[in-house]
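Read through the structure below, which is laid out as structure tokens, and then see the notes.
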Amino acid sequence: MQECNGFGCPWIQNRHDENHWVCLRCGKERYISRRNDAVDVLIVVSAIALIFVLILNSKSSQSSVQTIPESYIIETYDINR
């Protein structure tokens, strides 16, 4: 078998063990355990919902801030002069 660094390996999956992968070029073996896909989906959906809520919250707080219109300058006079 040829020597390779693992980056250019053409990996194939063992048909009897889905977590076992072998490089066709050098024969390196890797065991990759997969997590539950439902957990990954839940994490992604939660992150998207959190971002959505934060965006809506920031927009509503910006719209609730009211600016005071500029008032005209009122000159005062001292009547005791």
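By convention here, the first residue in the shown sequence is residue 1.
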*Search all heavy atoms of W11 against all heavy atoms of K28 and return the closest pair with its distance.*
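That would be CZ3-O, 3.4 Å.
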*Grab the two heavy atoms, one from H20 and one from E29, that are nearest each other, plus how far apart they are.*
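Nearest heavy atoms, H20 then E29: NE2-OE1, 2.9 Å.
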*For I55, what residues pass the side chain to side chain contact (heavy atoms under 4.5 Å, CB included) criterion, not counting sequence neighbours?*
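For I55 the side chain to side chain contact (heavy atoms under 4.5 Å, CB included) partners, ignoring immediate neighbours, are I51, K59.
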*asked:* Clusters formed by hydrophobic residues whose side-chain heavy atoms approach within less than 4.5 Å: which one holds Y31, and what are its other members?
replied: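 Direct or chained contacts put Y31 with none.
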*Considering only Ile, Leu, Val, Met, Phe, Trp and Tyr, and joining two whenever side-chain heavy atoms are under 4.5 Å apart, list the other residues clustered with V53.*
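So far as hydrophobic clustering goes, V53 is joined with none.
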_Taking side chain to side chain contact (heavy atoms under 4.5 Å, CB included) as the criterion, tell me which of V44, V45, V39 meets it with V41._
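Result: among V44, V45, V39, V45 is the only option passing the side chain to side chain contact (heavy atoms under 4.5 Å, CB included) with V41.
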